[in-house]
Amino acid sequence: MKIDETDKKILELLTQNGRTSYVDIGKELNLSRVAVRERVHQLTEEGVIERFTVVINSEKIGKGVSGFFEVDCEPASLVEVAQALADNPQVASCYQMTGPSTLHMHVLVDDFKSLEKFINEELYGLEGITRVESHILLRRFKSRNGLKL
């Protein structure tokens, strides 16, 4: 699918606020509501827009500790370990990476006791992990959702 400037502007507006109405987008871009709806539908059908979601402030719902982990695995265990981590509700994201660590993940937990329990029971309990390095978030300066065009 070829993305034109109008599609890019629609995506930018939806990235800023996914609840923006087609009418409001149309007013901003001088398009009809139907034209905006058709473009959004096409972007969704083509997989450019993967899904519409809500971003929750983790601290406001009691997830006071945010940790980032670099996890090395034995090659034969990589997929199994990654899937087990991805299935864990405390893991916000999990990626296979190049560089010194195999997996990079973001974990959200209630407090440091919960973090200790996650590390000792959930993480260290997985077969195939050879090294774990953790980093605790102190303050967030920027967090972006979606791709900037």
Side-chain angles (χ1 to χ4, degrees), residues 1-25 28-29 36-37 39-149:
M1 176 179 182
K2 183 122 175 146
I3 306 292
D4 64 15
E5 287 303 312
T6 301
D7 291 330
K8 288 180 182 179
K9 289 176 184 174
I10 290 170
L11 291 169
E12 183 179 323
L13 290 169
L14 288 173
T15 300
Q16 291 171 11
N17 180 358
R19 293 183 61 162
T20 303
S21 72
Y22 295 157
V23 170
D24 290 340
I25 293 170
E28 180 85 18
L29 304 179
V36 172
R37 186 188 75 220
R39 282 179 176 262
V40 170
H41 177 75
Q42 185 67 27
L43 291 165
T44 304
E45 285 293 311
E46 292 292 329
V48 175
I49 297 174
E50 291 183 359
R51 64 184 169 163
F52 290 89
T53 188
V54 63
V55 177
I56 298 170
N57 181 325
S58 57
E59 291 178 7
K60 300 284 185 184
I61 62 165
K63 301 294 181 190
V65 177
S66 180
F68 294 86
F69 290 81
E70 295 171 13
V71 179
D72 284 340
C73 307
E74 296 170 356
S77 302
L78 173 67
V79 173
E80 186 177 317
V81 168
Q83 192 58 59
L85 293 171
D87 290 343
N88 188 304
Q90 295 170 305
V91 176
S93 60
C94 184
Y95 303 96
Q96 182 179 2
M97 306 291 286
T98 62
S101 293
T102 311
L103 297 174
H104 178 80
M105 69 177 178
H106 180 201
V107 173
L108 296 166
V109 293
D110 296 346
D111 50 32
F112 285 102
K113 190 75 173 162
S114 298
L115 181 64
E116 179 185 8
K117 182 177 179 182
F118 172 81
I119 291 169
N120 289 331
E121 295 177 14
E122 305 289 332
L123 193 55
Y124 290 162
L126 291 174
E127 291 287 325
I129 292 178
T130 58
R131 185 186 73 85
V132 174
E133 186 175 323
S134 62
H135 307 274
I136 304 305
L137 176 69
L138 297 177
R139 180 170 44 161
R140 177 175 57 187
F141 291 102
K142 180 180 180 179
S143 180
R144 186 182 68 180
N145 296 298
L147 177 67
K148 285 286 190 193
L149 300 176

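For residues 79-92, the side chain to side chain donor-acceptor pair (under 3.5 Å) pairs, not counting sequence neighbours, are Q83-D87, N88-E122. Note on residues 92-105: no pairs pass salt bridge (Lys or Arg N to Asp or Glu O under 4.0 Å), not counting sequence neighbours.
Under the 4.5 Å side-chain criterion, counting only non-hydrogen atoms from C-beta, R139 is in contact with F141. Using a 4.5 Å heavy-atom threshold, the side chains of R39 and H41 count as separate. Side-chain contact between F69 and L103 is absent, with no heavy-atom pair separated by less than 4.5 Å. You'll find the side chain of I119 stays beyond 4.5 Å of the side chain of V107, heavy atoms only. The shortest distance between side-chain heavy atoms of E127 and S77 does not fall below 4.5 Å. Using a 4.5 Å heavy-atom threshold, the side chains of M105 and L123 count as touching.
The shortest non-hydrogen separation linking F112 to V65 is N-CG2, 3.8 Å. Nearest approach of D7 to I3, heavy atoms of both residues: CB-CG2, 3.6 Å. The two residues L29 and T6 make their nearest non-hydrogen contact at CD1-O, 4.1 Å. Smallest separation of non-hydrogen atoms from H106 and L108: NE2-CD2, 3.7 Å.
With sequence neighbours excluded, the residues forming a side chain to side chain donor-acceptor pair (under 3.5 Å) with S21 are D24, listed by chain and number. Listed by chain and residue number, V81, A84, L85, I129 satisfy the side chain to side chain contact (heavy atoms under 4.5 Å, CB included) test with L126 (two or more places apart in sequence, or in another chain). With sequence neighbours excluded, no residue forms a side chain to side chain donor-acceptor pair (under 3.5 Å) with N17. E70 pairs by the side chain to side chain donor-acceptor pair (under 3.5 Å) definition with S101, not counting sequence neighbours. Among residues two or more places apart in sequence or in another chain, the side chain to side chain contact (heavy atoms under 4.5 Å, CB included) test is passed with R37 by Y22, R33, V34. Qualifying salt bridge (Lys or Arg N to Asp or Glu O under 4.0 Å) partners for D111, counting only residues two or more places apart in sequence or in other chains: none. Listed by chain and number, the residues in a salt bridge (Lys or Arg N to Asp or Glu O under 4.0 Å) with K2 amount to none (sequence neighbours excluded). Every residue two or more places apart in sequence or in another chain was checked for a side chain to side chain contact (heavy atoms under 4.5 Å, CB included) with T98, and none qualifies. In this structure, the side chain to side chain donor-acceptor pair (under 3.5 Å) partners of Q42, at least two apart in sequence or on a different chain, are E46.
Side chain of D72 to backbone of T130: no donor-acceptor contact under 3.5 angstrom is found.
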Evaluate the side-chain contact (heavy atoms from CB on, under 4.5 Å) criterion for residues K142 and R140: first the C-alpha distance (whole Å), next the side-chain angles of each, then the deciding distance (0.1 Å), finally the verdict. CA-CA 6 Å; K142 180 180 180 179; R140 177 175 57 187; 5.9 Å; no
Report the C-alpha separation of I136 and L115 in whole Å, then their side-chain angles, then the decisive distance to 0.1 Å, and conclude whether the side-chain contact (heavy atoms from CB on, under 4.5 Å) test is met. CA-CA 10 Å; I136 304 305; L115 181 64; 3.4 Å; yes
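Checked against a 6.0 Å centroid threshold, the rings of F68 and H135 do not count as neighbours.
Salt bridge present: K8 and E5 bring a charged side-chain N and a carboxylate O closer than 4.0 Å.
Rounding to the nearest 0.5 Å gives a distance of 5.5 Å between CD of Q16 and CG of L13.
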Which atom pairs, donor and acceptor, lie under 3.5 Å between side-chain atoms of residues 49-63 and protein residues at least two apart or in another chain?
{"residue": "N57", "atom": "OD1", "partner": "E59", "partner atom": "N", "Å": "3.0"}
{"residue": "N57", "atom": "OD1", "partner": "K60", "partner atom": "N", "Å": "3.4"}
{"residue": "K63", "atom": "NZ", "partner": "D110", "partner atom": "OD1", "Å": "3.0"}

